[in-house]
Enquirer: 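Quick one: structure below, then a few questions.
Just follow the structure's listing: the first ligand is 1, and inside any ligand the first atom is 1. The basis for the numbers below is simple: all heavy atoms, side chains too, and nothing from hydrogens, waters or symmetry mates. This chain uses plain numbering: 1 for the first residue, then up along the sequence.
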Amino acid sequence: MEQTLIVIKPDGVVRGLTGEIITRFEKAGLKMVAAKMLMVTKEHASKHYPADREELWTGIGNKTLDNYKALELDAIKLLGTDDPKKIGDIVRVWLLDYIASGPVYAAVFEGPHAVELIRKICGHTLPLLSAPGTIRGDYSFDSAYLANKGQRAIKNLIHASGTLEEAKYEIPLWFGPKEIQKYKRTDENIMA
Ligand code: GDP
Ligand code: MG
């Protein structure tokens with residue numbers, strides 16, 4: 001049994017997709033045990049995307065750099081550097097701006113393999129590459145090209161914890177223990 005965090009990002013909320021997104025998790029059998037709508041402060045965003053997760057930002061920097069190369073965009077000219085870690089740090093700032101740009105809807109879902117299951121329903125990070133039937137594949141066409149050219153984060157509607165370890169770090173940042181409910185879904189008897 002796992003718990004995982006999802007955050008419908010500001011583009012998902014302003015496009016009126018909150019209900020549609022939550023429905024998909026509920027229909028898959030995942031149990032919503034916490035939920036709220038809020039404006040994220042820069043401080044909160046900064047904890048959610050921690051600056052000291054070096055491997056994360058170097059990884060995102062490398063991916064971004066590869067995208068720039070594939071698109072024949074000049075990273076030095078556009079971003080002032082071709083160092084993956086420095087580019088990761090720049091993307092991090094775009095992400096902080098994005099997640100704090102409007103209200104978000106955060107929720108915790110619980111179920112067997114909840115982390116992996118939710119990631120599958122969300123789809124690939126890049127909407128252009130995410131399969132039809134997934135949230136990102138069905139409701140966004142944003143791409144590394146558009147985002148990097150616009151010097152902004154990829155608008156992919158939703159954040160979902162990437163691993164169980166990430167979920168255990170993230171959930172307490174968003175919800176206190178009293179905000180997380182315990183109850184039994186009627187269909188638990190069938191799939192348990
Ligand atoms: P996720 O777990 O699927 O959301 O992806 P990551 O944890 O790798 O990245 C976090 C977020 O950063 C993504 O959801 C995107 O909004 C954004 N992002 C990731 N890679 C890139 C990139 O190459 N360029 C830009 N502009 N944004 C990116
Ligand atoms: Mg992630």
Enquirer: Any pair with a residue in residues 134-153 that passes salt bridge (Lys or Arg N to Asp or Glu O under 4.0 Å), sequence neighbours left out, goes on the list, sorted by first then second residue, please.
Expert: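 Applying salt bridge (Lys or Arg N to Asp or Glu O under 4.0 Å) to every pair that reaches into residues 134-153, excluding sequence neighbours, yields Arg24-Asp138, Asp142-Arg152.
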Enquirer: For Tyr105, is the NZ or CZ atom of Lys36 found under 6.0 angstrom from the centre of its six-membered ring and inside 45 degrees of the ring axis?
Expert: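 No cation-pi geometry.
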Enquirer: Under the ring-ring contact (aromatic ring centres under 6.0 Å, His included) rule, collect the residues that match up with His48, sequence neighbours excluded.
Expert: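 Checked His48 against ring-ring contact (aromatic ring centres under 6.0 Å, His included); matches are His159, Trp174.
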Enquirer: I'd like to know if Val115 and Ile180 are part of one continuous hydrophobic network [Ile/Leu/Val/Met/Phe/Trp/Tyr, side-chain heavy atoms within less than 4.5 Å].
Expert: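 They do not share one cluster, since no chain of ILVMFWY contacts under 4.5 Å joins Ile180 to Val115.
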Enquirer: Check the pair Tyr98 / Asp11 against side chain to side chain donor-acceptor pair (under 3.5 Å), numbers first and verdict last.
Expert: CA-CA 9 Å; Tyr98 171 33; Asp11 53 326; 2.6 Å; yes
Enquirer: How would you list, by chain and number, the residues with a heavy atom under 4.0 angstrom from ligand 1?
Expert: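 Residues Lys9, Ile60, Lys63, Thr64, Asn67, Val91, Trp94, Leu95, Arg119, Thr125, Arg136, Ala147, Asn148, Arg152, Ala153, Ile154, Asn156 each place a heavy atom under 4.0 Å from ligand 1, listed by chain and number.
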Enquirer: With sequence neighbours excluded, give me every salt bridge (Lys or Arg N to Asp or Glu O under 4.0 Å) pair touching residues 158-172.
Expert: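 Listed by first then second residue: Arg53-Glu166.
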